[in-house]
Number of protein chains: 2
Amino acid sequence: MDNIEKKCKSKGVKLTEQRKIIAKVMSKSRDHPDVDELYKRVSEIDSKISIATVYRTVKLFEESGILAKHDFKGGKARYEEISESHHDHLIDVNTGEIIEFVNEDIEKLQKTVADKLGYQLIDHKLELYGKKK
Amino acid sequence: MDNIEKKCKSKGVKLTEQRKIIAKVMSKSRDHPDVDELYKRVSEIDSKISIATVYRTVKLFEESGILAKHDFKGGKARYEEISESHHDHLIDVNTGEIIEFVNEDIEKLQKTVADKLGYQLIDHKLELYGKKK
DNA sequence: ATAATTGCAAATGCTTTGCTTGTGA
DNA sequence: TCACAAGCAAAGCATTTGCAATTAT
């Protein structure tokens, strides 16, 4: 049983055949696929799954705190499994490749900034766009 | 002549009656309107302007480096005039209100991060989502 | 003069939804 | 069993585009 399946169990998300397949594909994905790409991968395992189910599942998993949704430039939402460790993203403007990184100093400064403005930080989004040197 | 009109002149962007109106409205906007809101404001000055023109103009201004486009959560793109001084945004999750802020330390760290990963920083997006304390 | 811009409506692309049939706990 | 999920196609929403008429330089 893969990671996402386990999370579904622990969060009380009902598991169907389709959801298991989507869970498996996302669990082993090391990139950040959009729904089309995910649908393509899932279809190779079960060609009868509809894209509506993929959309519904991905939304369900997101609402359950299992997947993270990213709206990077490009119009299509991209997903990744939520991991214990928080990270941000650097997007290669030429290839679309995504590199994950962690920077504690930036994290702390964000909290400080929000605090100074009289806000409690709920969430944040940091994306760097760059090109290979 | 407002700020945006001046920028159009200096960048060689042709000015039409419609573009002048859109320029004026954006120039005096202190918030970050989406296209619908902008269209509404523009329509009060000239009710014959079509929303297609607003979309086209906003895109043209963005490509000319006159307006900045933001894809905050919520599905609709929001725009603001590009000012000399760079800033990031804190979005009030309850009201949708946007507070601008500047933090040089974060800026520097971003460059450092990209650099360490072997990238030249082209652009970045930092959004904080918070609620009033 | 004439290449570019507008307005309109139709088209697009991603995502959601209504409805009927199928299915997991 | 039976509330919930899947499949399909149609609908939604923000945004873009083709085309004929209009306009800025």
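Quick caveat, the model's predicted, so the values are computed rather than measured. In what follows, chains carry the letters A, B, and so on, assigned in the order in which the sequence lines appear, proteins first and then strands, with residues in each chain numbered from 1.
Taking side-chain N and O atoms only, T53(B) has a distance below 4.0 Å to OP1 or OP2 of dG7(C).
Within residues 16-29 of chain B, the residues approached by DNA chain C to less than 4.0 Å at the level of any non-hydrogen atom are T16(B), Q18(B), R19(B), in residue-number order.
Of the residues near DNA chain C, I49(B) and K14(B), the one whose nearest nucleotide (by heavy atom distance) lies more toward the 5' end is K14(B).
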What N/O pairs connect the protein and nucleotides 11-20 of chain D at under 3.5 Å? Give each pair on its own line.
{"from": "dT15(D)", "atom 1": "OP1", "to": "A77(B)", "atom 2": "N", "distance (Å)": "3.1"}
{"from": "dT15(D)", "atom 1": "OP2", "to": "Y55(B)", "atom 2": "OH", "distance (Å)": "2.8"}
{"from": "dT16(D)", "atom 1": "OP1", "to": "K59(B)", "atom 2": "NZ", "distance (Å)": "3.4"}
{"from": "dG18(D)", "atom 1": "O6", "to": "R56(B)", "atom 2": "NH1", "distance (Å)": "3.4"}

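Grouping the Ile, Leu, Val, Met, Phe, Trp and Tyr side chains by contacts below 4.5 angstrom, directly or via other members, places L121(B) apart from I98(A).
Closest approach of L126(B) and Q110(A) over heavy atoms only: CD1-NE2, 3.4 Å.
In summary, D115(A) and K133(B) engage in a salt bridge, as defined by a charged side-chain N under 4.0 Å from a carboxylate O. Of the charged side-chain nitrogens involved, at least one lies within less than 4.0 Å of a carboxylate oxygen, so that E81(B) and K7(B) count as a salt-bridged pair. For E37(A) and R41(A), the salt-bridge test passes: some basic side-chain N is under 4.0 Å from an acidic carboxylate O.
Computed from coordinates, the L38(A) CG to dC14(C) P distance equals 15 Å when rounded to whole Å. We find that CD of E37(A) is positioned 13 Å from P of dC14(C), with the value rounded to whole Å. The NZ atom of K48(A) sits 10 Å away from the P atom of dT23(C) (whole-angstrom rounding).
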N/O donor to acceptor pairs below 3.5 angstrom from side-chain atoms of residues 11-18 of chain B, sequence neighbours left out:
{"from": "T16(B)", "atom 1": "OG1", "to": "R19(B)", "atom 2": "N", "distance (Å)": "3.2"}

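Between F72(A) and H70(A), the two ring planes are parallel [angle under 30°; tilted spans 30° to 60°].
Side-chain contact between K132(A) and N94(A): absent, with no pair of heavy atoms (C-beta onward) separated by less than 4.5 Å.
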